Structures are given as structure tokens and as C-alpha cells.
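Before any comments, here is the structure.
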Amino acid sequence: MSPLLTSMTLLCVLGISTGQLLFKKAATMLPVQPAITDWLFNGWLILAIGLYGVTTLLWVWVLRSAPLHIAYPFMGLAFLFVPMLSWLFLREPIQLNTIIGGSLIMAGITVAGRGTA
């Protein structure tokens, strides 16, 4: 993949990962017994859905030029980005198993990404 296409693919992964943090934030803002208005006027939820929408459009653009079997393994990076971002911004702990699993995912992405487009 070209540097631009690789950058856009990584931007998609980062967008999806950030969206997960926003969904978590939205969930923490809901009361125990949420009404429909709690869902409809949850700013974090609206932001997360908007980000997912924009990221989906970017992903479709990526897939115009990249074979799915090359681009899709990059989505595995979300398994690294989400814990890392949740540790940085939500102060959630990272377990050793997450680090080991993330390392294995990185190895798999490296192997899969070595294919030619």
C-alpha cells in the first residue's frame, strides 16, 4: 500500500478506537434506568456515532484502492489502540495479557501486511 493509503487506513483504526472511548464515556453518563431522551441527548453518544460515520466513509475510500485482505488486518490494531487510549484518557489499567496479546496481533498484522496490493 502507498504511504497515503497506509496513513488513511491507520486513521480509520484510530477513529474506530477513539469512537470506542466515546461510547464508553457515553455509557458512563447514562443513568441506571435511562429514558429515551437520555440516549437521544447524550452528547458523547452523538459524537461517537458521528465519528463512526466519518470513519466508515473514509474506510470505503480506503477500500477503493486497497484489497480487503491487505487493509483489513490493520483493524486488529484497534486491539492495541483501545487499551492504550483507555489507559491514557480513562485511567483504566492495562494487564500483561493485553500487552502480550497486542504483541501477537502486531506480529500477525506485520505478516499479513507484507502481501502485495
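Any value given below was found using the heavy atoms of this structure, including those in side chains, with hydrogens, waters and symmetry copies removed. Positions are given from 1 along the sequence. Given the structure is predicted, the values throughout are model-derived calculations rather than measurements.
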Checklist entry - What's the spacing between L14 CG and F74 CZ if we round to 0.5 Å? => result 14.0 Å
Checklist outcome for this item: Between the CD atom in Q20 and the CG atom in L85, the distance rounded to the nearest 0.5 Å is 11.0 Å
Check residues 89-106 and write down every donor-acceptor pair under 3.5 Å in which the side-chain atom is one partner and the other belongs to a residue at least two apart or another chain.
residue, atom, partner, partner atom, Å
R91, NH1, L88, O, 3.0
S103, OG, I99, O, 2.9

Item to check | ILVMFWY cluster, L68 and V62 together (side-chain gap under 4.5 Å) | outcome: yes
Next on the checklist: Can you confirm whether more than 12 heavy atoms, excluding those of W61, are under 6.0 Å from its CH2 atom?
Outcome noted: yes
Checklist entry - Linking I/L/V/M/F/W/Y whenever their side-chain heavy atoms sit closer than 4.5 Å, directly or via other members, would L22 and L77 fall into one cluster? => result no
Checklist entry - Do L57 and M75 share a hydrophobic cluster, counting only Ile, Leu, Val, Met, Phe, Trp and Tyr and linking them when any side-chain heavy atoms are less than 4.5 Å apart? => result no
Checklist entry - From L51 CG over to F23 CZ, what is the distance, rounded to the nearest 0.5 angstrom? => result 8.5 Å
Checklist entry - According to a 4.5 Å side-chain heavy-atom criterion applied to Ile, Leu, Val, Met, Phe, Trp and Tyr, with indirect links allowed, do V54 and M8 form part of one hydrophobic cluster? => result no
Next on the checklist: Within the structure provided, determine whether K24 and W44 are in side-chain contact (heavy-atom separation under 4.5 Å).
Outcome noted: no
Item to check | Transitive ILVMFWY side-chain link M29 to F41, under 4.5 Å | outcome: no
Checklist entry - More than 12 heavy atoms of other residues, nucleotides or ligands under 6.0 Å from OH of Y52: is that the case? => result yes
Checklist entry - Rounded to the nearest 0.5 Å, how far apart are CG of D38 and CG of L30? => result 6.5 Å
Item to check | Between CG on residue L58 and OG1 on residue T9, distance to nearest 0.5 Å | outcome: 8.0 Å
Checklist entry - Hey, does the side chain of S86 reach the backbone of P83 with a donor-acceptor pair shorter than 3.5 angstrom? => result yes
Next on the checklist: Using every non-hydrogen atom in the two residues, find where A66 and A71 come nearest and quote the distance to one decimal.
Outcome noted: CB-CB, 4.1 Å
Next on the checklist: Ignoring hydrogens, what is the shortest heavy-atom contact between N42 and A26? Give both atom names and the distance.
Outcome noted: ND2-O, 3.0 Å
Item to check | T28 side-chain N/O to K25 backbone N/O, donor-acceptor pair under 3.5 Å | outcome: yes
Checklist entry - How far does OG1 of T55 sit from CD1 of I16, to the nearest 0.5 angstrom? => result 5.0 Å
